[in-house]
Number of protein chains: 2
Amino acid sequence: MEHTPLACSHHDHGHCITDALEAARQLCVGRGVRLTDLRLQVLELIWQNHKPLGAYTLMEMLAKANTRRVAPPTVYRALDFLLEQGLIHRINLLNAFIGCPSPSTKHQSHFLICRACGIAIELNQPELSQQIIGVAQDAGFQVETQSLEVSGLCANCAGNTEHDGHEHGHGHGHE
Amino acid sequence: MEHTPLACSHHDHGHCITDALEAARQLCVGRGVRLTDLRLQVLELIWQNHKPLGAYTLMEMLAKANTRRVAPPTVYRALDFLLEQGLIHRINLLNAFIGCPSPSTKHQSHFLICRACGIAIELNQPELSQQIIGVAQDAGFQVETQSLEVSGLCANCAGNTEHDGHEHGHGHGHE
DNA sequence: ATAGAAAGGTTATAGAGTAACATAGCAGGA
DNA sequence: TCCTGCTATGTTACTCTATAACCTTTCTAT
Ligand SMILES: [Zn+2]
Ligand SMILES: [Zn+2]
Ligand SMILES: [Zn+2]
Ligand SMILES: [Zn+2]
C-alpha cells in the first residue's frame, strides 16, 4: 500500500500486517466462518499500526478507501465479528480496537498503553492470568474475562522524555 | 473498614455509606480541598450500593433529589473531583463509577465485576500491582496507572446459577 | 469592600454505540 | 435451475456518554 506508518520505527511493519491477515484467513477457514471483504478490510486498517483505533476513525478510513459513505453499524458489525474470533481486542480505556498478534490461542486482554505515543503492547503472561484467577477464586469469584490496561510511558517515550521535557518525532498528533 | 465489601446481601450497608462519607470529609479537610455539598451528594449517591453507577443515572438521581434540572457538566465535574481525590474509581468496562473503600492510601484500580448482579468488588492486592509493574518493567515500560477489570460471576450469583440455569431474586433489572 | 480564584450553571455539540428495518448475497435442497 | 432461508450489509434514526465554551455565583484572602 502507500506507507508504513509510525510507532514501529524499528521493525518491518509490513510483515506484521501480512502475517496477521494471512493468519486470520487461515483461522477463519479452519473455523468455517466467513472473513468477508469488509471484515478483512477493517482488520487490515486496524493493523496499519500498533495504536488502538476508534470505530469512527475506522469509519472515515473505510469511507475514504471505498469512496462512499459508511455508517456506524457497518463498522461495528465487522468489529464484533473480529472480536468474537479473537482477531482484535477492545481497549476500554480508549474506546478503541487493536489487532491481536496471537489470535489462534485463547487468552486474556493484557495491555501496556503509552500515553505519549499511543502504542499498545499486548502482554503474553499466562502466569499473570493465572494469578488473577487465583485472587478472584479466593473471593469466590468465577472469572470469565480479564481486561488489564496499564497506562504509562513506553521504552521509547520514557527514554526521550527523561532528558528533555518535550517529545520529538512521535507523531502523536490529532488522528 | 471492618466490613468485607463482598456481596452486600449480608452486611449493614448503612455503615458503608456513613463510614465512607466521614472518611471522605476528613480526607478533604486534611488535604485542604473542598468537599462541597454537590460533591458530597454525588459521593453519597454513588455509595448507595456496591454497583457502579453511570454519570447519567447519577444525573437523574441528582435532579430528583434537588427537584431541578442538572446538566452533564455539573455531574462530570463532581466526578472529576472525586476521581482526583481517589474517593471513587472509574470502571471503564461499564462507563460507570464506584466508591473506593480505602481512599486514603494510593493504589491501583483492580475490580471483580459480576455480570449477573452488577456488583463490583475492589481487590486489595499490592502484590498483584507489583507483579504487573515488574512485567511492564521487563518491557521497558514505566507504569503510571493500572486498570484491572475482571468480569464473571460473583460468589452469590455463581452459587445461584450453578444448580439451575435461570436466576432468581437478583434484581438485575433496569435500575 | 474588593479582587482573584474556585465552583457551579447553561447551552450546545462532539464522540461512541445500538435498534429496527430493508436489501443484497450466499448457501443448500427440490 | 429455481426456490428458500440464512447471513451479511445498507440505511435511518436514535440513545448514551462526555466535553467545549461561556457566564454567574460563591468562597477566600487582602
Ligand atoms: Zn491477544
Ligand atoms: Zn510511547
Ligand atoms: Zn480504591
Ligand atoms: Zn453477582
Side-chain angles (χ1 to χ4, degrees), chain A residues 24-25 28-29 31-43 45-46 51-63 65-85 87-98 118 147 149 174-175, chain B residues 24-25 28-29 31-43 45-46 51-63 65-85 87-98 118 147 149 174-175:
Chain A
R25 257 185 284 259
C28 288
V29 168
R31 291 176 184 168
V33 295
R34 290 164 56 191
L35 186 58
T36 63
D37 285 351
L38 177 65
R39 292 164 174 175
L40 185 61
Q41 197 182 0
V42 169
L43 184 59
L45 289 171
I46 287 179
K51 297 182 189 182
L53 216 53
Y56 278 67
T57 307
L58 216 38
M59 233 178 66
E60 285 173 22
M61 297 167 87
L62 275 175
N66 297 347
T67 53
R68 69 189 162 81
R69 188 173 171 270
V70 176
T74 299
V75 63
Y76 277 105
R77 281 189 288 234
L79 290 170
D80 285 344
F81 171 85
L82 297 173
L83 283 170
E84 277 167 21
Q85 299 302 322
L87 295 168
I88 61 174
H89 293 282
R90 185 192 152 84
I91 308 290
N92 293 317
L93 188 62
L94 304 173
N95 293 335
F97 305 84
I98 190 165
S147 163
E149 296 174 358
H174 44 70
E175 347 117 51
Chain B
R25 256 186 284 261
C28 288
V29 168
R31 291 176 185 169
V33 295
R34 291 164 57 193
L35 185 59
T36 63
D37 285 352
L38 177 66
R39 291 165 176 175
L40 185 61
Q41 197 183 1
V42 169
L43 184 59
L45 289 171
I46 287 179
K51 299 181 189 180
L53 218 53
Y56 278 70
T57 307
L58 217 37
M59 233 178 66
E60 285 173 22
M61 296 168 87
L62 275 176
N66 298 346
T67 54
R68 69 191 162 78
R69 187 173 173 270
V70 175
T74 299
V75 62
Y76 277 105
R77 279 189 289 233
L79 289 170
D80 285 344
F81 171 85
L82 296 172
L83 284 170
E84 277 168 21
Q85 298 302 321
L87 295 168
I88 61 174
H89 294 282
R90 186 191 152 85
I91 308 290
N92 292 317
L93 187 61
L94 303 173
N95 294 334
F97 304 85
I98 191 166
S147 163
E149 296 174 358
H174 43 70
E175 358 108 45

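Order of the sequence lines sets the chain letters (A, B, ...), proteins ahead of strands, with each chain counted from 1.
In this structure the side chain of A/L79 reaches within 4.5 angstrom of the side chain of A/L58, judged on heavy atoms. Looking at B/S147 and A/N92, their side chains never come closer than 4.5 Å, going by heavy atoms from C-beta outward. At least one side-chain heavy atom of B/M61 sits less than 4.5 Å from a side-chain heavy atom of B/L53.
The residue among A/G54 and B/L38 whose nearest nucleotide of DNA chain C is located toward the 5' end is B/L38. The 5' end of DNA chain C is approached more closely, in terms of each residue's nearest nucleotide, by B/T74 than by the other of B/T74 and A/A96.
Rounded to a whole Å, the CZ atom of A/R39 is 11 Å from the P atom of D/dG10. Note: CG (B/L58) to P (C/dG8) measures 14 Å, nearest angstrom. Spacing between atom CG of A/D37 and atom P of D/dA8 amounts to 13 Å, rounded to whole angstrom units. Look at CE on B/M59: it is 12 Å from P on D/dA18, rounded to the nearest Å. As rounded to whole Å, 15 Å separates atom C1' of D/dC27 from atom CG of B/L35. The CG atom of A/L62 sits 11 Å away from the P atom of D/dT9 (whole-angstrom rounding). In this structure, B/L53 places its CG atom 11 Å from P of D/dT17, rounding to the nearest Å. Here the P atom of nucleotide C/dA16 and the CG atom of B/N95 are 11 Å apart, to the nearest Å.
Here the shortest heavy-atom pairing between A/G118 and A/P52 reads O-CD, 3.3 Å. Of all heavy-atom pairs spanning A/L87 and A/C28, the tightest one is CD1-SG, 4.2 Å. The minimum heavy-atom distance linking B/I88 with B/F97 is given by the pair CD1-CD2, 4.0 Å.
Note on A/R69: every side-chain N or O is 4.0 Å or more away from OP1 and OP2 of D/dT9.
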Hey, what are the protein-to-nucleotides 18-28 of chain C N/O distances that come in under 3.5 Å?
none

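The backbone N or O of A/L83 lies less than 3.5 Å from no partner atom in the side chain of A/R90, so there is not a single donor-acceptor pair.
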